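Note that this is a predicted model, so its numbers are computed, not measured. Heavy atoms only: backbone and side chains are in, while hydrogens, waters and symmetry mates are out.
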Amino acid sequence: MNSPEQPLPTFDEVLLCTPQTTAEQVELFLRRCLIPGCAGEKIYTMLYADELTYNVSCRAEKLFQHLQRYNSRSTYRLIILCNCEREHSYIPSVFSQYKVHMIPQRPLAEIQQYLQHHYRVAAPSDSAASVFKDNMCVGIVASKRAGVGK
């Protein structure tokens, strides 16, 4: 986010973890990150890794250790984001020696401007983007009341 022209992460750089995330999905993601030959200087990010099941987390740790020992590239960029309220979960515990408490370094307005630059529809059209404010192709719909047809 150093400049507005820097691209957003691509689909292969981010793994959004849920309790339904499989060991195979985590394995493919870690292999992309750690095996030599993957092009570019990508930053790989696992979001909500604390939500992985115990079995998937164990397999992920074993694979990470194996790849790091035998088959990994010497430098890689891997960020594992977890909910601080679930730091007792398996993945945050295993990687606790690398833990960094993160505070956003940019003001909220600057982050919002960066995202608006990337998510704005160039030319207004009869697309779904016209539904969101300022021709954004993404939006957040929230309600304090559950089940009101969002």
Side-chain angles (χ1 to χ4, degrees), residues 1-121 128-129 132-134 136-148 150:
M1 202 183 104
N2 291 329
S3 83
E5 301 311 314
Q6 274 187 308
L8 291 169
T10 58
F11 71 94
D12 65 328
E13 293 176 82
V14 179
L15 179 64
L16 180 60
C17 301
T18 68
Q20 290 75 36
T21 302
T22 65
E24 290 77 19
Q25 290 171 313
V26 176
E27 180 178 341
L28 288 171
F29 179 79
L30 288 175
R31 287 184 185 280
R32 274 195 302 268
C33 175
L34 298 170
I35 290 181
C38 293
E41 291 293 321
K42 295 182 176 187
I43 300 173
Y44 293 90
T45 307
M46 288 179 69
L47 297 170
Y48 304 116
D50 53 293
E51 294 206 11
L52 295 172
T53 64
Y54 180 78
N55 291 336
V56 171
S57 297
C58 288
R59 286 182 61 183
E61 179 203 6
K62 287 178 186 171
L63 177 65
F64 179 84
Q65 300 298 339
H66 173 77
L67 290 174
Q68 221 184 10
R69 232 177 285 132
Y70 300 108
N71 203 17
S72 71
R73 49 176 136 172
S74 58
T75 60
Y76 57 89
R77 298 174 179 186
L78 175 62
I79 298 170
I80 301 174
L81 293 175
C82 300
N83 183 340
C84 65
E85 294 174 4
R86 293 180 42 95
E87 65 185 341
H88 63 279
S89 303
Y90 192 87
I91 292 289
S93 297
V94 167
F95 293 99
S96 63
Q97 64 196 21
Y98 307 107
K99 180 171 37 174
V100 175
H101 289 280
M102 183 66 188
I103 298 171
Q105 300 297 310
R106 305 281 183 166
L108 178 60
E110 199 173 313
I111 294 169
Q112 288 173 332
Q113 216 172 16
Y114 172 79
L115 292 173
Q116 284 177 350
H117 173 76
H118 287 284
Y119 287 121
R120 187 177 317 274
V121 175
F132 296 109
K133 181 181 176 184
D134 299 327
M136 294 291 140
C137 62
V138 296
I140 297 174
V141 178
S143 173
K144 293 180 181 177
R145 294 177 35 216
V148 290
K150 295 182 286 299

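In this structure, Ser57 OG and Phe64 CZ are separated by 14.0 Å, a value rounded to the nearest 0.5 Å. The line from OG1 of Thr18 to CG of Leu52 is 8.0 Å long, rounded to the nearest 0.5 Å. Here the CD1-CD distance, from Ile79 to Glu13, works out to 10.0 Å after rounding to the nearest 0.5 Å. Once rounded to the nearest 0.5 Å, the distance linking CG of Leu63 with CD of Gln68 reads 11.0 Å.
Under a cut-off of 6.0 angstrom, the local environment of CD in Glu85 is sparse, with at most 12 non-hydrogen atoms contributed by other residues, nucleotides or ligands. The local environment of CD in Gln116 is crowded, with over 12 non-hydrogen atoms from other residues, nucleotides or ligands closer than 6.0 Å. Within a 6.0 Å sphere centred on OH of Tyr48, heavy atoms belonging to other residues, nucleotides or ligands number 12 at most.
Within the 4.5 Å cutoff, no side-chain heavy atoms of Ile91 are placed close to those of Asp50. Here the side chains of Leu28 and Leu15 are not in contact, with every heavy-atom distance at 4.5 Å or above. The shortest distance between side-chain heavy atoms of Tyr114 and Arg106 does not fall below 4.5 Å. Proximity of Glu110 to Gln105: side-chain heavy atoms (C-beta onward) are nowhere separated by under 4.5 Å. Proximity of Tyr44 to Phe29: side-chain heavy atoms (C-beta onward) are separated by under 4.5 Å at one or more points.
Between Gln20 and Gln25, the shortest heavy-atom contact is O-OE1, 4.2 Å. Between Met46 and Val26, the shortest heavy-atom contact is CE-CG1, 4.2 Å. Closest of all the heavy-atom pairs between Leu47 and Val14 is CD1-CG1, 3.8 Å. Considering all non-hydrogen atoms of both residues, Pro19 and Thr53 come closest at O-CG2, 3.4 Å. The nearest pair of heavy atoms linking Arg86 to Glu51 is NH2-CA, 3.8 Å. Of all heavy-atom pairs between Val56 and Thr21, the closest is CG2-O, 3.6 Å.
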